[in-house]
Asker: 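Pasting a structure here, questions to come.
Both counts, for ligands and for their atoms, begin at 1 and track the order of listing. We use all heavy atoms of the structure for the numbers below, so side chains are in, but hydrogens, waters and symmetry mates are not. As the structure is a computational prediction, the values presented were derived from the model and not from experiment.
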Amino acid sequence: MKVLTEYNLTDLQEELTSSGFEHYRARQILKWVYSKFVFDFDLMTDLPKDMRRTLKETFRVHTLDTVDRVTAPDSVKYLFRTRDGHLIETVLIKERDHLTLCVSTQIGCAVGCTFCATALDGLIRNLRTSEIVDQYLKVAEDIGGRIRNVVFMGMGEPLANYENLRKAVEIMVSPWGINLSKRRVTVSTSGILSQIRRMMEDDVLKDINLAVSINATTQRLRESIMPLTKTNTLKDLMDLLKRYPLRPYRRITLEYVLIKDLNDSEEDALRLARLIGKHKKRFKVNLIPFNPDPNLPYERPPMDRVLRFQKVLWERGISTFVRFSKGVDVFGACGQLRSRRPVVRSLNHEEPAQVGDGAGCNSLSGPPDKGDSRSGL
Ligand code: SAH
Ligand code: SF4
């Protein structure tokens with residue numbers, strides 16, 4: 001059977017006309033699937049009956065089966081199974097006034113960051129376009145409506161699966177597809193320079209948000225915790241990001257996982273400010289306090305240290321937010337996604353509910369001078 005969610009509009013038009021159907025039927029079908037979340041061809045009432053029958057025999061929409069779903073106060077983790085039996089995770093995050101979906105792009109990851117649970121399995125395989133898109137469709141079907149924001153911050157390195165990511169984003173942001181605003185889609189990367197350069201010229205990807213995981217302020221530390229960065233160096237990365245074309249009022253997010261006694265000192269914060277230099281309006285910083293995992297050798301810094309780091313940056317005019325992971329209690333937070341993890345059923349809510357308005361697998365806290373600091377770590 002063919003998979004409908006592998007097709008963009010042009011490909012589907014070609015496919016249908018070569019089977020003797022009218023060109024315009026493609027838009028009708030995609031509207032049912034991506035605007036109305038109707039996946040049963042029998043219910044597509046503006047299509048002729050014989051066409052519905054043919055479609056049913058030729059195409060399927062879903063590529064994932066829902067294995068489990070774990071609900072916490074401010075997030076829901078979905079565990080999906082691919083047709084070839086792998087498990088992938090998708091996290092729905094409830095923000096103050098909207099929903100954000102944190103989507104996976106690979107099964108495992110080859111980048112090998114030493115603080116990330118996804119890296120523990122190495123790369124198993126890339127997800128297909130349809131498997132990326134279906135994470136959105138399955139969750140939309142489950143909750144009975146649209147999700148406004150999508151962040152590619154789940155399992156895997158999105159830019160190492162460039163073509164499939166690109167087509168999935170095309171389906172998500174096109175008027176004939178899910179029709180999300182490009183401002184509400186964010187790709188997070190560990191910083192593969194050749195692929196960021198490719199994004200700069202790419203019609204589909206150039207206007208979506210870019211988030212880059214910096215995580216260390218010296219080349220030496222960075223390459224020791226993010227092996228990929230031996231060749232994709234910090235200096236070359238910052239040089240490239242300073243030239244990355246941005247639309248007015250848009251910023252690049254620098255993500256920084258704060259790990260106790262490793263990269264959480266005031267000197268680190270000062271070095272980060274120096275790396276940004278005079279380009280303060282071009283970047284914002286998201287500090288992510290490390291999410292622990294029994295298989296990882298690190299700890300989360302105490303709250304006062306997190307806030308101190310944030311303050312150093314604010315004092316230098318750099319917008320800096322602390323993003324407390326939602327989904328920590330369902331093991332769905334950044335760096336905790338791992339395909340073979342058993343689903344945790346008894347929830348232990350150590351963290352208070354956090355409000356936030358940004359994209360990401362975490363929630364957002366404001367600057368320290370606004371009295372918005374959080375407790376509960
Ligand atoms: N591969 C991409 C996107 C997925 S990881 C990337 O690395 O950017 C999404 C974010 O989670 C990254 O910023 C990463 O640095 C962060 N992360 C990884 N492991 C983490 C952990 N254990 N605790 C907190 N954040 C983590
Ligand atoms: Fe891969 Fe991102 Fe995890 Fe690094 S942090 S191993 S790039 S998923």
Asker: Taking heavy atoms and a distance under 4.0 Å, where does E255 meet ligand 1: side chain, backbone, both or neither?
Answerer: side chain

Asker: Going by the order shown, which atoms of ligand 1 are within less than 4.0 Å of some heavy atom of G156?
Answerer: 1 (N), 2 (C), 3 (C), 4 (C)

Asker: Measuring from atom OG1 of T105 to atom CG of L159, what distance do you get when rounded to the nearest 0.5 angstrom?
Answerer: 8.5 Å

Asker: Between CG of N263 and CZ of R271, what distance do you get to the nearest 0.5 Å?
Answerer: 10.0 Å

Asker: Looking only at heavy atoms of S213, does any of them come nearer than 4.0 Å to an atom of ligand 2?
Answerer: no

Asker: Out of all atoms in ligand 1, which are within 4.0 Å of some heavy atom of T189? Include the element for each.
Answerer: 6 (C), 8 (O)

Asker: Can you tell which part of C109 has a heavy atom less than 4.0 Å from ligand 2: side chain, backbone, both or neither?
Answerer: side chain

Asker: Report the part of V257 in contact with ligand 1, treating N, CA, C, O as backbone and CB onward as side chain, heavy atoms under 4.0 Å; options are side chain, backbone, both, neither.
Answerer: side chain

Asker: For ligand 1 and F115, I'd like to know whether there is a polar contact (N/O to N/O, distance under 3.5 Å).
Answerer: yes

Asker: Measure from NZ or CZ of R53 to the centre of the six-membered ring of F41, then state whether that distance is under 6.0 Å and the direction lies within 45° of the axis.
Answerer: no

Asker: Just checking, is any N or O donor in the side chain of T229 or N232 under 3.5 Å from an acceptor N or O on the other one?
Answerer: no

Asker: Below 4.0 angstrom from a heavy atom of S213, which ligand 1 atoms are there? Numbered from 1 as shown, please.
Answerer: 6 (C), 7 (O), 8 (O), 12 (C), 13 (O), 14 (C), 15 (O)

Asker: Looking just at side-chain N and O atoms, do R52 and T45 make a donor-acceptor pair shorter than 3.5 Å?
Answerer: no

Asker: Does K31 NZ have over 12 foreign heavy atoms under 6.0 Å away?
Answerer: no

Asker: Please could you name the atoms of ligand 1 that N215 approaches to less than 4.0 Å, counting only its heavy atoms?
Answerer: 15 (O)

Asker: Among E15, E14, K2, find the one that has a side-chain hydrogen bond (donor to acceptor under 3.5 Å, both in side chains) with Y7.
Answerer: E15

Asker: Should the pair H62 and F39 be assigned to parallel (<30°), tilted (30 to 60°) or perpendicular (>60°) ring geometry?
Answerer: perpendicular

Asker: Distance under 4.0 Å to a non-hydrogen atom of G154: what atoms of ligand 1 satisfy this?
Answerer: 4 (C)

Asker: Would you indicate whether R305, at its atom CZ, is surrounded by more than 12 heavy atoms from other residues, nucleotides or ligands within a distance under 6.0 Å?
Answerer: yes

Asker: What are the atoms of ligand 2, with element, lying closer than 4.0 Å to any heavy atom of G156?
Answerer: 8 (S)

Asker: Give the atoms of ligand 2, by number and element, whose distance to some non-hydrogen atom of S190 is under 4.0 Å.
Answerer: 7 (S)

Asker: Which ligand 2 atoms, with their elements, are less than 4.0 angstrom from a heavy-atom of A119?
Answerer: 6 (S)

Asker: Under 2.8 Å from atom 4 (Fe) of ligand 2, can any N, O or S atom of C116 be found?
Answerer: no

Asker: Which ligand 1 atoms, with their elements, are less than 4.0 angstrom from a heavy-atom of M153?
Answerer: 4 (C), 9 (C)

Asker: Is the NZ or CZ atom of K36 positioned over W32's six-membered ring, under 6.0 angstrom from the centre and within 45° of the axis?
Answerer: yes

